[in-house]
Amino acid sequence: MEKQKETIYFITGNNNKFNEIKNLFQKEDLNYEIRQSEIKTTEIQATSIKEVALFKLNSVRGKLNGSYFIEDAGFFVDIPLNGFPGVYSNYVLNTIGNKGILDLIRDYDETKAHFKAVIALYFQPLSETHVFEGIVEGTLAKTIRGRGGFGFDPIFLPADLPNRTFAELTVEEKNNVSHRGKAWRKLVEYLRETD
Ligand code: IMP
């Protein structure tokens, strides 16, 4: 008899993130079904994405039945901004935005940037918390380009597809190389091992 699928919640208010993960999830033959939960989490300002992610995850302990995960990401301009905005990514996007970032780097020929994603999972059958990380390296575009994606996607050129910004890729293409896709594939590996 086929085993009944368990629900695993992705707690996020960001529909773009949920759609990316849903797209990845559909390719896997997993014994889970995935649902979005918009339950309120508590976000802290910390010095690492992992710290933010774990705090957020623990802030909903006891409020959901079953397994659940959250995902926290950051955008780091390594050259020439020494990793800025990093943990301040959301604030910077909402204040100076992509145009503001491009203004800061306008006089530099060489740029280097990366996204980092941390998925923090509470796995109910084992009452365990696990963290899965993914990084994508790339450079900055000279102008804002593309209509897809969200956040900093229109200014990021991934090293693996250096002619297009994340916002010029399909969800599938972005997932194949992205920080979130990489973290997600580690989560899938974990779920398969524990099945
Ligand atoms: P969050 O805290 O994980 O939601 O992300 C911090 C900031 O980075 C937000 O402003 C997001 O819009 C942005 N961000 C997160 N993931 C991505 C991505 O995959 N592409 C572009 N921007 C992103």
Side-chain angles (χ1 to χ4, degrees), residues 10-25 36-60 68-78 81 83-102 104-105 111-121 131-141 143-161 164-187:
F10 179 16
I11 306 172
T12 181
N14 183 329
N15 293 335
N16 287 296
K17 280 189 181 183
F18 185 74
N19 287 340
E20 286 182 13
I21 294 281
K22 184 94 187 168
N23 180 283
L24 285 160
F25 177 83
Q36 184 173 12
S37 164
E38 298 202 43
I39 189 170
K40 213 172 158 23
T41 56
T42 309
E43 193 146 348
I44 51 160
Q45 189 68 64
T47 50
S48 82
I49 306 272
K50 185 174 166 184
E51 233 181 295
V52 177
L54 283 171
F55 194 94
K56 211 187 236 185
L57 187 81
N58 290 331
S59 73
V60 296
Y68 51 88
F69 65 94
I70 61 106
E71 186 264 10
D72 227 82
F75 181 55
F76 301 77
V77 180
D78 304 299
L81 304 181
F84 177 84
V87 290
Y88 304 105
S89 292
N90 200 36
Y91 181 73
V92 169
L93 188 73
N94 292 331
T95 50
I96 63 172
N98 283 324
K99 183 177 176 306
I101 297 268
L102 292 187
L104 289 175
I105 59 118
T111 60
K112 199 167 172 294
H114 71 274
F115 279 103
K116 180 174 186 170
V118 173
I119 291 179
L121 166 78
V131 165
F132 309 94
E133 299 191 357
I135 287 178
V136 57
E137 301 282 354
T139 57
L140 289 186
T143 55
I144 292 171
R145 278 167 38 194
R147 294 164 155 268
F150 65 101
F152 300 98
D153 282 349
I155 61 167
F156 181 73
L157 299 164
D160 286 339
L161 297 162
R164 284 185 286 165
T165 67
F166 261 179
E168 293 175 310
L169 302 180
T170 63
V171 169
E172 242 166 356
E173 286 170 328
K174 179 181 171 189
N175 274 338
N176 279 340
V177 296
S178 80
H179 50 312
R180 188 162 299 109
K182 287 175 183 161
W184 166 258
R185 284 187 280 278
K186 290 182 187 170
L187 167 60

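Since the structure is predicted, the reported quantities are computational estimates derived from the model, not experimental observations. Counting starts at 1 for both ligands and their atoms, in listed order.
The closest approach between a heavy atom of Phe152 and any atom of ligand 1 is below 4.0 Å. Under the 4.0 angstrom criterion for non-hydrogen atoms, Asp153 is in contact with ligand 1. In this structure, Glu20 falls outside the shell of residues with a heavy atom less than 4.0 angstrom from ligand 1.
Below 3.5 Å of separation, one finds no N or O of Gly74 facing any N or O of ligand 1. Considering backbone and side-chain N/O atoms, Lys56 never comes within less than 3.5 Å of an N/O atom of ligand 1. Residue Ala73 has at least one N or O atom closer than 3.5 Å to an N or O atom of ligand 1. Not one N or O of Asn14 is nearer than 3.5 Å to an N or O of ligand 1, by distance alone.
With a 4.0 Å heavy-atom cut-off, ligand 1 is reached by no atom of Phe75.
Closest to atom 23 (C) of ligand 1 among all protein heavy atoms lies Phe150 CE1, 3.5 Å. Scanning the protein heavy atoms around atom 16 (N) of ligand 1, the nearest turns out to be Arg180 NH2, 2.8 Å. Atom 2 (O) of ligand 1 has Asp72 OD2, 3.6 Å as its closest protein atom, hydrogens excluded (heavy atom only). Looking only at protein heavy atoms, the nearest one to atom 4 (O) of ligand 1 is Lys17 NZ, 3.2 Å.
You'll find the ring centres of Phe166 and Phe115 inside the 6.0 Å limit.
Of the options Phe10, Phe18, Phe132, a ring pair (Phe, Tyr, Trp, His ring centres under 6.0 Å) to Phe69 is made by Phe10 and by none of the others.
Put simply, the side chain of Asp72 never gets that close to the backbone of Lys50: no donor and acceptor are under 3.5 Å apart.
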